[in-house]
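The shown structure was predicted, so the numbers you read here are calculated from the model rather than taken from an experiment. Lettering of chains follows the sequences in order, A, B, ..., and the numbering in each one begins at 1. All values below were derived from every heavy atom in this structure, side-chain atoms included, with hydrogens, water molecules and symmetry-related copies excluded.
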Amino acid sequence: MTTPERYNPRASEPKWQKAWDEARLFETDNADPRPKYYVLEMFPYPSGRIHIGHTRNYTMGDVVARHKRAMGYNVLHPMGWDAFGMPAENAAMQNKVHPRDWTYQNIGTMRAQLKLMGLSIDWSREFATCDVDYYHRQQMLFVDFLEAGLVGRRVSKVNWDPVDQTVLANEQVIDGKGWRSGAEVEQRELAQWVFKITDFSQDLLGSIDDLDGWPDKVRLMQRNWIGRSEGLSIRWALTPETAPEGETELEVYTTRPDTLFGSSFMAIAADHPLARKAAETNAALAAFCEECRRMGTSVTALETAEKKGFDTGIKVRHPFDADWELPVYVANFVLMDYGTGAIFGCPSGDQRDLDFARKYDLPVVPVVLPPDADAEDFAIGEEAWTGDGTMINSSFLDGMTPADAFAAIADRLEAMELDGRPQGDRQVQFKLRDWGISRQRYWGCPIPVVHCDDCGLVPVPKAQLPVTLPDDITFERPGNPLDHHPAWKHVDCPSCGKPARRETDTMDTFVDSSWYFARFTAPNEDAPTDPDAANAWLPVDQYIGGIEHAILHLLYSRFFARAMSRTGHMAVDEPFKGLFTQGMVVHETYRSEDGGWLDPGQVRIEGHDSNRKAFDADTGKPVTIGPLEKMSKSKKNTIGPEDITQSFGADTARWFMLSDSPPERDVEWTDSGAEGAHRFIQRVWRLVAGAAPTIAAGDPSAANGDFAAMRKAAHKALKGVGEDFERLAFNKAIARIHELVNAIAPVIERAGSGNDRAGKAAAHEALSILIQIMAPIAPHLAEECWAILGHADMVAKEPWPAFDPALIADDTIVLPVQINGKKRGEIAVARDAERDSVEASALELDAVQRHLNGAAPKKVIVVPGRIVNIVA
RNA sequence: GCCCCCUUGGCGGAACUGGUAGACGCAAGGGACUUAAAAUCCCUCGGCCUUCGGCCGUGCCGGUUCGAGUCCGGCAGGGGGCACCA
């Protein structure tokens with residue numbers, strides 16, 4: 001046997017990519033009658049260049065797509081670009097490049113990079129969300145949503161940068177200052193467009209139960225985000241002599257009305273109307289309220305913030321005891337936009353309330369007695385009791401469970417009246433708030449509405465769409481370029497024809513990504529969707545993306561599906577049937593002596609394990625090896641696809657990224673790991689190319705001995721890998737493929753050098769199976785091997801082979817034998833051996849005899865096909 | 001502060017519903033081939049001991065079980081999410 005040449009990915013990979021393209025293998029026909037399978041990876045933002053970390057989830061999706069295609073499905077596997085957003089405007093300001101040019105240039109670069117990976121994508125359906133053709137349809141959806149009552153206007157607070165004249169995202173506010181201008185950020189109230197996602201709160205929550213193809217973690221995060229609670233709204237009468245002019249009551253929302261008799265204070269938000277009114281005549285209170293507002297939105301500030309309050313002097317009367325007065329505090333931990341912006345504090349039943357009561361010396365009355373506590377001496381110390389128990393110190397509630405007390409209080413308060421209305425009202429509250437979509441920016445989808453002095457807000461008629469972004473804009477002036485573009489901004493009212501003004505807000509980019517998966521099903525349709533196509537393809541069978549989109553993107557998309565169904569664009573409420581959140585690719589970071597980040601290519605590593613040392617390859621100066629971090633441009637720890645395709649090839653990168661680590665976890669990119677993957681690629685090539693001339697396809701059924709065992713190994717691997725792909729367990733599939741190669745390599749050589757025709761046929765069969773199960777992960781190598789094995793067609797066109805069930809089952813199995821739960825030996829028995837004979841052969845073992853020491857076993861447990869355990 | 005998850009060799013990880021702990025890979029060590037190197041192939045690779053055998057071992061402590069990495073209770077450490085949500 002001559003030594004085969006090394007496999008050369010630089011030649012093979014472009015060759016097969018071209019062959020797939022020319023055969024239009026991955027272009028999907030909506031009219032194809034086979035069962036559909038829609039696999040989608042979250043589309044990328046065109047930030048500049050792609051690195052290998054980006055390509056891991058595309059590779060996962062590609063393995064699924066190629067496997068499902070072989071399984072006989074009509075597979076849709078498209079790709080596009082989430083192309084609107086702030087980075088393009090930042091680039092425009094920094095580099096004087098037009099956001100559109102910058103974006104499309106990046107798309108061009110990244111598309112070329114992605115294509116190096118050999119992904120089986122239907123590129124004919126590609127679009128970018130900044131394409132006029134796309135956002136035109138998005139404006140049509142907006143108009144339809146508006147008509148259907150799914151869009152509203154709401155005044156909400158925003159972070160305003162007075163220098164840049166722009167609204168800042170939370171992440172752009174650093175220590176209360178604008179990230180670019182450094183100016184003190186103001187809180188401004190702006191009228192904003194919102195999508196009424198809260199109309200669907202209950203549906204969005206309830207339907208999570210049915211999303212069993214989603215990770216539990218994501219389902220839980222969504223449930224928490226929607227945040228349903230059942231409680232009681234209670235109206236408390238203000239003590240008239242303490243109340244500000246015109247105020248008579250305070251309404252609070254509580255989920256623990258059962259603890260009403262343990263209440264000792266009221267706490268209201270700084271923005272609560274009662275607080276504002278009281279502050280008018282109380283300068284110290286006004287100052288405190290101002291301090292609360294300044295605490296703003298920073299989470300870390302809030303985490304460390306001390307619970308603080310300020311006594312307004314106002315008092316309320318307890319609903320069940322007119323003589324019982326409670327003070328009203330303004331507290332920094334009460335939020336105006338949840339519930340009623342006011343709570344009653346029960347220190348014994350809530351830790352935060354307890355901390356507050358201790359600080360301001362308020363009464364702490366236990367009202368729930370823990371099950372194992374003694375009523376005589378139970379007292380609250382440092383910790384509140386939030387658990388179940390028996391009601392005490394609570395008048396007519398005493399002896400009840402908290403749940404019964406909840407009902408009793410609610411019934412009573414609903415029957416009691418204050419100013420002619422019930423004093424209590426059972427309510428369901430959601431944390432979920434409406435989705436504000438207004439962005440005061442240029443590079444986004446224009447909101448197709450005209451402001452007319454006479455007609456008010458007038459949607460742009462569909463016939464006049466799209467409202468396109470003007471090209472002649474400047475970022476020289478601070479603020480939104482659309483706002484100071486007179487020719488674009490000033491238009492006639494579509495309704496009355498008088499001069500009017502365009503809405504200059506553009507849409508949140510989350511809107512763009514909330515329906516792209518539907519557009520892929522009919523990307524050239526005049527309407528936003530072809531409902532037949534959308535209904536046929538959706539839901540996406542397998543959606544793959546990062547955990548960072550677990551809440552907003554997925555929730556907004558679920559809302560959009562419902563809104564689009566309501567407006568007749570499709571009839572699918574849940575857009576994603578299966579969801580998978582993949583881990584990232586991480587890499588070591590390197591810093592030079594002066595603290596700057598270094599590119600891995602610039603670093604030379606010496607030694608290994610704890611003795612590893614790094615040096616600057618040019619200067620020889622020592623380099624600090626930093627922690628593993630997600631690959632990112634800013635830390636320079638990236639590896640580009642072209643770095644890999646120029647050396648090891650895309651298959652090696654694909655193979656390595658899916659091996660070792662389970663797909664939901666991060667994987668560390670190491671040179672030695674990539675080399676290991678490449679060694680295996682080359683090993684398979686040597687095995688196949690070396691054997692191919694000496695073996696031939698034929699009837700392997702007469703193969704015996706090692707050749708028969710080889711067949712069994714191949715069919716078992718075929719079954720296992722298929723199951724692994726179904727579960728996205730790529731790392732296990734790869735381990736199984738390694739095992740198969742280890743098992744068959746020596747047998748293949750013997751088959752090649754011998755004269756056993758059935759053996760040669762078995763070798764050909766085993767190698768063909770090996771190549772087919774590798775093909776979804778290493779498609780280029782697979783094509784090369786497939787051809788050399790003498791197959792006429794491309795492996796990408798071949799159906800997934802069927803395993804022979806007769807070859808999967810073993811006639812004899814090896815059973816471990818334990819004594820008192822410790823393994824002492826093993827026995828080989830027939831698969832269907834009787835219990836008695838298994839027990840008998842286990843007891844014959846030397847090790848068993850030795851441990852029993854002549855005594856009879858107390859008990860023998862035989863788990864068929866599993867284990868024998870002897871209790872001595 | 002609240003909620004969730006995780007913890008297995010030097011490393012990444014495997015172990016189906018409680019049934020042989022450490023598959024597979026990486027790193028390391030030894031050997032073969034070679035004038036040499038690369039490549040390749042073979043062997044060793046959790047710890048300890050009295051080494052053809054045995055004891056211990058899946059973060060720690062306890063429990064359930066014939067049998068626990070897996071189930072239960074407690075503790076420790078690490079990671080993630082959050083809108084202080086009443």
Atom [atom1] of [X] to atom [atom2] of [N]: distance rounded to whole Å?
X        : N     : atom1 : atom2 : result
A:Asp724 : B:C24 : CG    : P     : 15 Å
A:Lys822 : B:G57 : NZ    : P     : 7 Å
A:Ile867 : B:G19 : CD1   : P     : 9 Å
A:Asp846 : B:G53 : CG    : C1'   : 13 Å
A:Asn332 : B:A86 : CG    : C1'   : 14 Å
A:Ile234 : B:A86 : CD1   : P     : 15 Å
A:Asn224 : B:C85 : CG    : C1'   : 11 Å

Within 90° of 0 counts as syn, otherwise anti: where does B:G73 fall? anti

Syn/anti state for B:U51 [syn: chi within 90° of 0]: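 B:U51: syn glycosidic orientation.
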
Using the C1' atom as the point on both nucleotides, what is the distance between B:C66 and B:C75, in whole Å? 29 Å

A:Phe195 and A:Phe559 aromatic ring geometry - parallel, tilted or perpendicular at 30°/60° bounds: tilted

For a quick check of understanding: with a heavy-atom distance under 4.0 Å over all strands, which category does [X] fall into, base, sugar-phosphate or nothing?
X        : value
A:Thr255 : sugar-phosphate
A:Leu220 : sugar-phosphate
A:Asp216 : nothing

Less than 6.0 Å separating the ring centroids of A:Phe333 and A:Phe356? yes

Between A:Phe648 and A:Phe656 (judged by ring centroids, cut-off 6.0 Å), do the two rings come close enough to count as a pair? no

Do A:Val817 and A:Ile870 have side chains that approach each other closer than 4.5 Å (heavy atoms only, starting at C-beta)? yes

Hunt down any stem RNA chain B takes part in, defined as 3 or more consecutive Watson-Crick or G-U pairs whose two distances are each under 3.5 Å.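 When the pairs of RNA chain B are grouped into runs of at least three, the stems are B:1-7 with B:76-82, B:10-12 with B:24-26, B:28-32 with B:40-44, B:46-49 with B:53-56, B:59-63 with B:71-75.
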
Selection from B:G19, B:A83, B:C3 that lies nearest to any side-chain heavy atom of A:Trp225: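 In terms of side-chain proximity for A:Trp225, the closest of B:G19, B:A83, B:C3 is B:A83.
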
Donor + acceptor pair across side chains of A:Asn637, A:Thr589 (<3.5 Å): no

Are A:Asp350 and A:Arg256 close enough for a salt bridge, meaning some N to O gap below 4.0 Å? no

Just N and O in the side chain of A:Arg824: are any of them under 4.0 Å from OP1 or OP2 of B:C55? yes

Among residues 668-682 of chain A, which contact RNA chain B at a heavy-atom distance under 4.0 Å?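 By residue number: A:Ser672, A:Gly676, A:Arg679.
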
